[in-house]
Amino acid sequence: SVLLEKAPDNTIILTDLYGGTPSNVSAVYALRKDYTVVSGVNLPILIEAEMSRTEECEDSEGFKTLAERLISAGTGGISDIRKIMEEMRKK
């Protein structure tokens, strides 16, 4: 929690499960400070976050947009592989 207290405003915190301890602790700090917490993190979110590390987000709108991109990358990475394979067979 010391690290969360010292993190700069507009920090994006990535957690595994909504409602889990990391998510709940981060939520407390998100209310106290200008943090965004994204839960349900998967590999596509981590890749997008790493690729975006050098981006300059000067204001909270930039961080809001980045958080939305992370969530979009995460949901976009979810696929029904069987359905995809069945559709490929039909072609």
Work out which heavy atom in P44 is nearest to a heavy atom in A73; give both atom names and the distance.
CB-O, 3.3 Å

Can you tell me how far apart CD (E50) and CD1 (I45) are? Round to the nearest 0.5 Å.
14.5 Å

Under 3.5 Å, side chain of Y35 to main-chain N/O of A27, donor-acceptor pair present?
no

Do you know which two heavy atoms are closest between S79 and I84, and how far apart they sit?
CB-CD1, 3.8 Å

From K90, R89, R82, residue fulfilling side-chain hydrogen bond (donor to acceptor under 3.5 Å, both in side chains) relative to E86
R82

Do any N or O atoms from the side chain of S72 and from the backbone of E68 form a donor-acceptor pair under 3.5 angstrom?
no

To the nearest 0.5 Å, what is the distance between CG (L3) and OG1 (T11)?
11.0 Å

Restricting to non-hydrogen atoms, name the atom on G19 and the atom on S23 that form the minimum distance, rounded to 0.1 Å.
N-OG, 3.6 Å

Derivation of the side-chain contact (heavy atoms from CB on, under 4.5 Å) call for V38 and I12:
CA-CA 7 Å; V38 176; I12 297 177; 4.2 Å; yes

Got a second to check how far D16's CG is from L14's CG, nearest 0.5 Å?
10.5 Å

With rounding to the nearest 0.5 Å, note down the distance linking CD in E48 to CG in N42.
11.5 Å

In Å and rounded to the nearest 0.5 Å, what is the CG to CG distance from N24 to L17?
10.5 Å

Do side-chain atoms of K33 reach the backbone of E5 as a donor and acceptor pair under 3.5 angstrom?
yes

Which distance, rounded to the nearest 0.5 Å, do you find between the OG of S39 and the CD1 of I71?
8.0 Å

When you group the ILVMFWY residues by side-chain heavy-atom contacts below 4.5 Å and let the links chain together, are V41 and V37 in the same group?
no

So if you build clusters from Ile, Leu, Val, Met, Phe, Trp, Tyr with side-chain heavy-atom gaps below 4.5 Å, do L43 and M51 land together?
yes

